[in-house]
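Labels below follow one simple rule: chain letters A, B, ... track the order of the sequence lines, proteins then strands, and each chain is numbered from 1.
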Protein chains: 2
Amino acid sequence: MKDNKVVDISSIRTTCQNCGLYQLCLPMGLEEGDLDKLDKAIKRQHKVEKGEHLYKMRDAFKTVYALRSGSIKTYSTIENGQEQVTGFHLPGELLGLNSISTKFHTESAIALETSSVCEVPFDRLEELSKEIPSMQHHLLHVMSEEIQSDHCQLMMIAKMPAEARLARFLLSLSYHFSQRGFSATEFNLSMSRNDIANLLGLAVETVSRLFSHFQDNGLMTVERKHVLIHDLDGLMAVTTKCASQPLADDSSSA
Amino acid sequence: MKDNKVVDISSIRTTCQNCGLYQLCLPMGLEEGDLDKLDKAIKRQHKVEKGEHLYKMRDAFKTVYALRSGSIKTYSTIENGQEQVTGFHLPGELLGLNSISTKFHTESAIALETSSVCEVPFDRLEELSKEIPSMQHHLLHVMSEEIQSDHCQLMMIAKMPAEARLARFLLSLSYHFSQRGFSATEFNLSMSRNDIANLLGLAVETVSRLFSHFQDNGLMTVERKHVLIHDLDGLMAVTTKCASQPLADDSSSA
DNA sequence: GGATAGTCTTGATCCAGATCAATATGTTTT
DNA sequence: AAAACATATTGATCTGGATCAAGACTATCC
């Protein structure tokens with residue numbers, strides 16, 4: 001019965017149920033029935049070519065994007081025409097939620113490589129949240145995470161020297177890749193040096209020089225886009241090597 | 001009948017209905033009946049003395065705080081003992097939501113002056129959100145706003161020179177005060193120079209010098225905590241006077 | 001009210017990282 | 001495959017703001 005069954009086209013189309021990003025994306029922790037509901041709301045597998053925009057600043061905010069593959073850069077353009085990169089996004093991440101309050105996008109999202117996304121109309125998502133408590137919680141959870149990471153980024157730019165920022169950036173990429181089942185020590189940078197510098201609040205030249213330094217110190221090998229980390233702990237050490245260490249007076253007394 | 005009625009104690013206790021922060025806080029856009037529900041969930045008017053903590057980093061996250069009066073500083077402590085100020089909060093703001101994902105607070109909140117807050121257990125808030133769609137939306141709205149403002153802060157620290165950062169900080173305070181019905185041009189700073197410097201990623205000395213410069217340029221008068229802005233537009237101008245202006249090539253051609 | 005301690009201001013010096021400049025290495029176009 | 005262009009590396013110089021240092025002003029405590 002099962003062997004002579006003609007392939008059912010509907011079983012091929014990717015559903016949330018068998019999407020590899022199950023643990024990272026929206027469906028996290030949903031019941032079988034709920035998944036179906038979500039599945040119906042989603043327009044799946046929209047493809048975005050490298051350099052193509054998912055949305056642009058000031059566009060109406062109507063849909064949330066779940067990144068399935070590839071990578072996306074978000075950035076906003078400042079009054080004077082300068083660009084501020086706000087983040088690089090990897091599969092499993094949700095994009096667009098930060099524009100709920102304004103109803104129009106406050107940043108642009110551009111594909112750094114050919115990528116694919118699932119689209120969910122935000123109003124459908126809000127309706128679903130009414131019916132599915134864990135969905136409501138998940139949305140809050142995701143946004144809370146974004147605030148956390150923004151605070152971390154802030155602290156980094158405000159307090160850490162260039163070296164530590166780049167090291168932390170690399171470690172963060174490494175971590176996210178490993179979370180997604182890829183190597184933690186070997187990967188390709190889909191973003192340019194310029195983008196990295198911008199995100200970290202540095203000049204391109206500084207980023208370039210730091211890559212060279214890290215290489216000279218045997219921490220990593222970097223050849224254009226290709227990165228091979230030799231010493232994760234070493235990079236960690238660079239991260240903590242930031243500004244004025246604690247003036248641990250208490251350790252000397254008593 | 002109405003004149004000889006003894007004062008009803010329950011009509012005196014502040015309810016969300018007659019709270020002056022109606023437009024800013026949680027109740028925003030709620031129906032009469034819904035307000036009652038919210039009202040029951042809230043523990044009202046908890047007083048916090050200057051220097052007292054509302055919560056500390058790593059405390060369990062259980063309740064959300066709505067600031068009624070006073071001002072609160074949020075900050076987190078980094079590995080090396082340094083402190084990073086993440087924000088100053090004025091009446092009407094909600095505190096704590098950014099720790100939903102971790103379940104423990106990732107920052108500390110301390111009163112900069114004697115303040116009062118309403119407390120709402122977060123699980124009650126989530127339940128209410130199920131029943132009241134506009135409440136659900138409002139929570140997402142508030143978090144989205146926080147992400148926006150964090151991005152703005154990031155851009156500021158990454159791209160703007162010290163002058164522009166302080167100017168923008170003052171304008172932001174001015175705006176928030178005016179939103180709350182206070183003077184946009186005269187107010188008191190409840191935070192120290194140190195805190196301001198920390199938030200803006202600067203040294204105290206720089207903040208102090210900049211205040212002096214602004215004063216010399218007739219933009220404002222600042223005497224310890226007391227601020228009097230003479231020229232809002234002038235401050236705005238300082239804000240935009242940041243780094244490399246647009247290389248508007250297109251205006252010359254065609 | 002004088003002592004001690006925090007906070008703020010102002011000046012002098014220094015340095016991390018920006019900016020400028022030149023070259024090298026891709027990449028795309030024709 | 002040469003031309004035109006974008007991206008990356010490396011060196012030389014410059015500077016905004018940090019750091020160091022010293023007073024001035026306030027606030028708190030005996």
Side-chain angles (χ1 to χ4, degrees), chain A residues 49-51 73 82-85 110 112-113 156-167 169 188-217 220-227 238 241-245 247 249, chain B residues 49-51 73 82-85 110 112-113 156-167 169 188-217 220-227 238 241-245 247 249:
Chain A
E49 294 296 338
K50 175 176 179 173
K73 169 180 92 173
Q82 276 191 316
E83 175 173 304
Q84 172 68 48
V85 174
I110 189 171
L112 291 169
E113 58 194 311
M156 205 163 84
I157 298 196
K159 296 266 148 50
M160 286 178 155
E163 243 194 340
R165 294 186 220 171
L166 187 62
F169 168 74
N188 284 299
L189 302 169
S190 56
M191 68 296 286
S192 70
R193 302 283 193 270
N194 237 308
D195 287 337
I196 297 175
N198 192 312
L199 176 81
L200 301 178
L202 299 171
V204 210
E205 294 93 327
T206 306
V207 170
S208 198
R209 269 185 258 273
L210 286 173
F211 271 139
S212 302
H213 290 174
F214 287 168
Q215 199 156 230
D216 294 348
N217 298 341
M220 66 184 297
T221 306
V222 52
E223 171 70 22
R224 282 259 138 180
K225 301 286 180 192
H226 183 258
V227 164
V238 172
K241 187 206 284 181
C242 57
S244 45
Q245 288 299 336
L247 339 159
D249 327 339
Chain B
E49 294 296 338
K50 175 176 180 174
K73 168 179 92 172
Q82 277 191 315
E83 174 173 305
Q84 172 67 48
V85 174
I110 190 171
L112 291 169
E113 57 195 311
M156 204 164 86
I157 298 196
K159 296 267 149 46
M160 288 178 154
E163 244 193 341
R165 293 188 220 171
L166 187 61
F169 169 74
N188 284 299
L189 302 169
S190 57
M191 67 295 287
S192 70
R193 303 284 193 269
N194 237 308
D195 287 338
I196 298 175
N198 191 313
L199 177 80
L200 300 177
L202 299 170
V204 211
E205 294 93 328
T206 305
V207 170
S208 197
R209 270 185 259 272
L210 287 173
F211 272 138
S212 303
H213 290 175
F214 287 167
Q215 198 156 232
D216 294 347
N217 299 341
M220 66 185 296
T221 306
V222 52
E223 170 72 22
R224 283 258 137 180
K225 301 288 180 190
H226 183 257
V227 164
V238 172
K241 186 206 288 182
C242 57
S244 46
Q245 287 300 335
L247 340 159
D249 327 339

Quiz item: From C:dG17, C:dC20, C:dT25, pick the nucleotide closest to the side chain of A:Glu205?
Solution: C:dC20
Practice problem: Taking only the side-chain nitrogens and oxygens of A:Lys225, find out if one of them lies under 4.0 Å from OP1 or OP2 of C:dG26. | Solution: no
Practice problem: State the OG1-CZ distance between A:Thr206 and A:Arg193, to the nearest 0.5 angstrom. | Solution: 13.0 Å
Quiz item: Closer to the 5' end of DNA chain C via nearest nucleotide, is it A:Glu223 or A:Thr206?
Solution: A:Thr206
Quiz prompt | Rounded distance (Å) that lies between atom C1' of C:dA16 and atom CD of A:Glu163 | solution = 11 Å
Quiz item: Can you tell me how far the CE atom of A:Met156 sits from the CG atom of A:Leu199, to the nearest 0.5 Å?
Solution: 6.5 Å
Quiz item: Given D:dG11, D:dT9, C:dC8, which nucleotide is nearest the side-chain atoms of A:Arg209?
Solution: D:dG11
Exercise. Take atom CG of B:Asp216 and atom P of C:dT10, then tell me their distance rounded to the nearest Å.
Key: 8 Å
Quiz prompt | d(CG, A:Leu210; P, D:dG11) in whole Å | solution = 14 Å
Quiz item: Just how far, in rounded Å, is P of D:dA6 from CG of A:Asn194?
Solution: 12 Å
Quiz item: Whole-Å distance between C:dC8 P and B:Leu202 CG?
Solution: 15 Å
Exercise. Using whole Å, report how far NZ of A:Lys159 lies from C1' of D:dG17.
Key: 15 Å
Practice problem: Take atom CZ of A:Phe211 and atom C1' of D:dT10, then tell me their distance rounded to the nearest Å. | Solution: 16 Å
Quiz item: Strictly by modelled atom types, are A:Gln82 and B:Lys159 linked by a side-chain donor-acceptor pair under 3.5 Å?
Solution: no
Quiz prompt | Short N-O contact, A:Glu83 and A:Lys73, less than 4.0 angstrom | solution = yes
Quiz item: Are OP1 or OP2 of C:dT7 and a side-chain N or O of B:Arg224 less than 4.0 angstrom apart?
Solution: no
Quiz item: Given atom CG of B:Asn198 and atom C1' of C:dT7, what is their separation to the nearest angstrom?
Solution: 15 Å
Quiz item: What does A:Ala203 touch in the nucleic acid at a heavy-atom separation under 4.0 angstrom: a base, only the sugar-phosphate, or nothing?
Solution: base
Quiz item: Hey, does B:Ser208 reach any base, or is it just sugar-phosphate, or nothing, if we go heavy atoms under 4.0 Å?
Solution: base
